[in-house]
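In this text, all values refer to a predicted model and were calculated from it rather than measured experimentally.
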Amino acid sequence: MDKIKKQDKRNKPTVKRILCKPVLIPAAVLVVCLGAFLSLSLFSPKDVIARNVYIQDVNLGGMRLEEATAAIEEADYLDDIVINLEYGGQKRAVSSMDINLSIDAEESAKKALELCKSGNIFKRSYDQLLLFFTKKELGCVPRLDEEALNGILYEFGASVNGEMVDPQVAVEGETATITPGAPGQSRDTSEALNQVVNAIIDGTYDHVPLTLERSNPEDLTVDSAYELIHKEPQDAYYEYAQKSVSIVDHIVGYDADKTALETAVKQVNNGETATVPVTITQPAVTTEILQSKLFNTTLASYSTTFSTAAANRASNVALAASKINDTVLAPGQVFSYAESVGNPSEANGFLVAPVYENGKTSQGVGGGVCQVSSTLYSAVLYADLEVVQRQNHSLTVAYVPKGQDATFAYGAIDFKFKNDTDYPVKISSGASNGTLTVSIIGTKRDVDRTVQLSHKVVSTTNPTVTEKEDPTLPAGTRKVVSTGKSGYVVETTKTVYENGAVVSSKVITKSTYKMVPTEVSVGTKAAAASAPVYEVPTPAPTVAPATPAPTPEPTPLPATPAPTPAPTEQPETPTTPPAEAAE
């Protein structure tokens, strides 16, 4: 027995070795394989596209989103393709240009990036493992004009199925005639559109079968029949463009009794034509009314003269007049002289002519454009339109009365007025043969309105004398270099008459014009012994009276006077004004 027990003890460990060895080795291998399998997902970068992922012939494997987007854009294979559609034995070719077809590169790249990124870890790892042995081809994400494609699909279907026609209504006099519709191609082409999009994604363009349906129009109801007949009346109105105005026609209103429509609807749905009585409503403002009021009178016209001998200045006047000519203002619209004329520069066709600068006359580009703004201002006053912005010149001008001018300096001083009437107004402006005429064309008012302007000189400052030594002139000699100009303060009063009776009279502006001294050169050069010296006698200086007597200056009425509210009073000339294109 002891021998047998010893033998058992020897054999027992041997049996254990034989039984355990085949179990431990496969388990280790399985763990290693499972770890390697799961690592396909665990260690795959989330921002990198999996290997062997293609869109068409473009391999996106290993690329990040930005790289893949660029690669797809570069190989845009939808740029020049033709899709051949088929339906009912008919064919229709649609080019990528017809539907603005292109590839959405970024969305297509995102689609590729999402591959092997969804599901649990085992599914993701399995998807990654498959890509070691085969490539995955994805369809692109297209971008196209669906409205254009739907239109093409409907036309294609209508060529086979005919065009579906809805019930029609025609109103003549006080009777509405309703005709039934007709079957034809359904307007719902969404199924066919999806078929085209899927073909683009799959990259199959040669034979694309479509599903297009023929259908009947919807049956008419009392409410839908009423909507076909009923129209709210709509007034005619003016529509404005840059320098034109047109009339949008009025719409006549129609209405029908819904009870009377019940019988007509049954007839139409049975394929019969039906008639119903209608009520007609005319709008308050018809096309004919607006046409009769449009530019039917000259509200005011004003003319000034200029010298044609000063060719540059005459050219500037004519050019500025042409730029404001035919300008149309809607009711409530504000006119800006600066916006209409623009920068009076040589680049814009203006020439060098006299201008006012710092209270003196000098040469500058655009001299003369202020005569146009002043003439326009005068016409606006007589038309009785609202003046929004106006500034008088620093010095008096000769072409309009004192207090009736409007200066202009591009970027600094503007002249503006508002069309405060109920209808459009138009500026008519032109210069010819030394005469500049500006007219305000509008709609005749219900009352006969006229305007009278008067200008009162509140104070006058006579020119002083400024002397300057001149060593080139003989001693004692006096020479007038420039003649001075008197300064003035002028109040302008506007009086408005309606049917001959005064309805308003008020001071609308107070214009201040600078005094310009007379400049005299006094000789200081020593005279030769044999040469007598002849002196120019020094004139006695003139001094303005302490309290000058007001001197009203009547202003001639315009060729065709007419109305607007009083312009706002303007501030005095700035201390350091910019150059005014005045003279």
Anything under 3.5 Å between a donor and an acceptor, one on a side chain of residues 432-439, the other on a protein residue two or more places apart or in another chain? List them.
residue : atom : partner : partner atom : Å
Thr437  : OG1  : Ser303  : OG           : 2.7
Ser439  : OG   : Ser301  : OG           : 2.8

Quiz item: Are Arg187 and Asp166 within salt-bridge range, i.e. N to O under 4.0 Å?
Solution: yes
Quiz item: Got a second to check how far Thr327's OG1 is from Gln333's CD, nearest 0.5 Å?
Solution: 9.0 Å
Practice problem: Please answer whether the main-chain N or O of Ala311 pairs with a side-chain N or O of Ser315 as donor and acceptor at a distance below 3.5 Å. | Solution: no
Self-check item: Glu218, CD: over 12 other non-hydrogen atoms inside 6.0 angstrom
Solution: no
Exercise. Inspect the surroundings of OH in Tyr237 and state if more than 12 heavy atoms from other residues, nucleotides or ligands are less than 6.0 Å away.
Key: no
Exercise. Determine whether more than 12 heavy atoms belonging to other residues, nucleotides or ligands lie under 6.0 Å from atom CG of Asn270.
Key: yes
Quiz item: Is there a donor-acceptor contact under 3.5 Å linking the side chains of Asp255 and His230?
Solution: yes
Quiz item: Which atoms form the tightest heavy-atom contact between Gly367 and Arg313, and what is the distance?
Solution: O-CG, 3.6 Å
Self-check item: N/O donor-acceptor pair under 3.5 Å between Ser340 side chain and Tyr337 backbone
Solution: no
Quiz item: Are side-chain heavy atoms of Leu473 and Val522 found at a separation under 4.5 Å?
Solution: no
Quiz item: What's the shortest heavy-atom distance between Glu232 and Ile251, and which atoms?
Solution: O-CG2, 4.0 Å
Practice problem: Go through Ser482 and Thr518 one step at a time and tell me if the side chain to side chain contact (heavy atoms under 4.5 Å, CB included) criterion holds. | Solution: CA-CA 6 Å; Ser482 65; Thr518 297; over 6 Å; no
Quiz prompt | Electrostatic pair Asp223:Lys258 at N-O distance under 4.0 angstrom | solution = yes
Self-check item: Donor-acceptor under 3.5 Å (Ser373 side chain, Cys370 main chain)
Solution: yes
Quiz item: Side-chain contact, heavy-atom cut-off 4.5 Å: Gln404 with Thr492?
Solution: no
Quiz item: Taking Thr287 for the side chain and His250 for the main chain, is one N or O donor matched with an acceptor at less than 3.5 Å?
Solution: yes
Quiz item: Between the side chains of Ser486 and Thr460, is a donor N or O closer than 3.5 angstrom to an acceptor N or O?
Solution: no
Quiz item: Does the Thr297 side chain pair with the main chain of Gly442, one donor and one acceptor, at a distance under 3.5 Å?
Solution: no
Exercise. Could you check if a side-chain atom of Tyr410 sits within less than 4.5 angstrom of a side-chain atom of Ser345, using non-hydrogen atoms only?
Key: no
Self-check item: Check: Asn343 side chain, Asn348 main-chain N or O, donor-acceptor pair, under 3.5 Å
Solution: no
Quiz item: Where the side chain of Asn419 meets the backbone of Tyr423, is there a donor-acceptor pair that is under 3.5 Å apart?
Solution: yes
Quiz prompt | Rounded distance [0.5 Å steps], NZ in Lys514 versus OG in Ser394 | solution = 6.0 Å
Self-check item: Least distance between heavy atoms, Ala338 atom then Asp414 atom
Solution: N-OD1, 2.9 Å
Practice problem: Find out whether Val489 and Ser459 are in side-chain contact, i.e. whether some heavy atom of one side chain is under 4.5 Å from a heavy atom of the other. | Solution: yes
Quiz item: Looking only at heavy atoms, what is the nearest atom pair of Tyr226 and Ala256, with distance?
Solution: CE1-O, 3.3 Å
Quiz item: Quick check: are there more than 12 heavy atoms from other residues, nucleotides or ligands sitting under 6.0 Å from CD of Glu346?
Solution: no
Quiz item: Would a 4.5 Å heavy-atom cut-off, applied to side chains only, mark Tyr302 and Val400 as touching?
Solution: yes
Quiz item: Which atom names give the shortest non-hydrogen contact between Pro217 and Ala182, and what distance separates them?
Solution: CD-O, 3.6 Å
Exercise. Report the C-alpha separation of Thr175 and Thr275 in whole Å, then their side-chain angles, then the decisive distance to 0.1 Å, and conclude whether the side-chain hydrogen bond (donor to acceptor under 3.5 Å, both in side chains) test is met.
Key: CA-CA 7 Å; Thr175 301; Thr275 59; over 6 Å; no
Quiz item: Which value, rounded to the nearest 0.5 Å, describes the distance between Gln234 atom CD and Thr281 atom OG1?
Solution: 14.0 Å
Practice problem: Starting at NE2 of His393, measure out to OG of Ser511 and round the result to the nearest 0.5 Å. | Solution: 11.0 Å
Exercise. For side chain to side chain contact (heavy atoms under 4.5 Å, CB included), just list the numbers for Leu376 and Phe417, CA-CA rounded to whole Å, side-chain angles, deciding distance to a tenth of an Å, and then say yes or no.
Key: CA-CA 10 Å; Leu376 172 62; Phe417 73 93; 4.3 Å; yes
Quiz item: With a 4.5 Å limit on heavy-atom distance, are the side chains of Leu294 and Tyr238 in contact?
Solution: yes
Quiz item: What pair of heavy atoms forms the shortest contact from Ile324 to Lys243, and how long is it?
Solution: C-NZ, 4.2 Å
Quiz item: Heavy atoms, side chains only, cut-off 4.5 Å: are Val388 and Phe335 in contact?
Solution: no
Practice problem: Would you sort out whether Tyr497 and Asp448 count as a side-chain hydrogen bond (donor to acceptor under 3.5 Å, both in side chains), showing the intermediate values? | Solution: CA-CA 8 Å; Tyr497 299 83; Asp448 181 18; over 6 Å; no
Exercise. Find out whether Ser521 and Arg478 are in side-chain contact, i.e. whether some heavy atom of one side chain is under 4.5 Å from a heavy atom of the other.
Key: no
Practice problem: Give a yes or no on whether Glu288 atom CD has more than 12 heavy-atom contacts from other residues, nucleotides or ligands under 6.0 Å away. | Solution: yes
Practice problem: Decide if atom CD of Glu272 counts as having more than 12 heavy atoms of other residues, nucleotides or ligands within a radius under 6.0 Å. | Solution: yes
Self-check item: Check: Lys485 side chain, Thr396 main-chain N or O, donor-acceptor pair, under 3.5 Å
Solution: yes
Quiz item: How many angstroms lie between atom CD1 of Ile99 and atom CD1 of Ile152, to the nearest 0.5 angstrom?
Solution: 6.5 Å
Exercise. Report the distance from atom CD1 of Ile427 to atom CG of Asp326, rounding to the nearest 0.5 Å.
Key: 9.5 Å
Quiz item: If only atom types and distance count, is the side chain of Asn392 paired as donor or acceptor with the main-chain N or O of Thr512 below 3.5 Å?
Solution: yes
Quiz item: How about Thr189 and Asn150: does a side-chain donor come under 3.5 Å of a side-chain acceptor?
Solution: yes
Practice problem: Using the side chain to side chain contact (heavy atoms under 4.5 Å, CB included) rule, pick out the option among Asn269, Val265, Leu220 that qualifies with Pro167. | Solution: Leu220
Practice problem: Take Val457 and His455, measure what side chain to side chain contact (heavy atoms under 4.5 Å, CB included) needs, and give me the verdict at the end. | Solution: CA-CA 7 Å; Val457 177; His455 310 285; over 6 Å; no
Quiz item: Distance only, no hydrogens: is a donor on one side chain within 3.5 Å (strictly under) of an acceptor on the other, for Asp405 and Tyr513?
Solution: yes
Self-check item: Backbone of Pro233 reached by a side-chain donor or acceptor of Gln282 within 3.5 Å
Solution: no
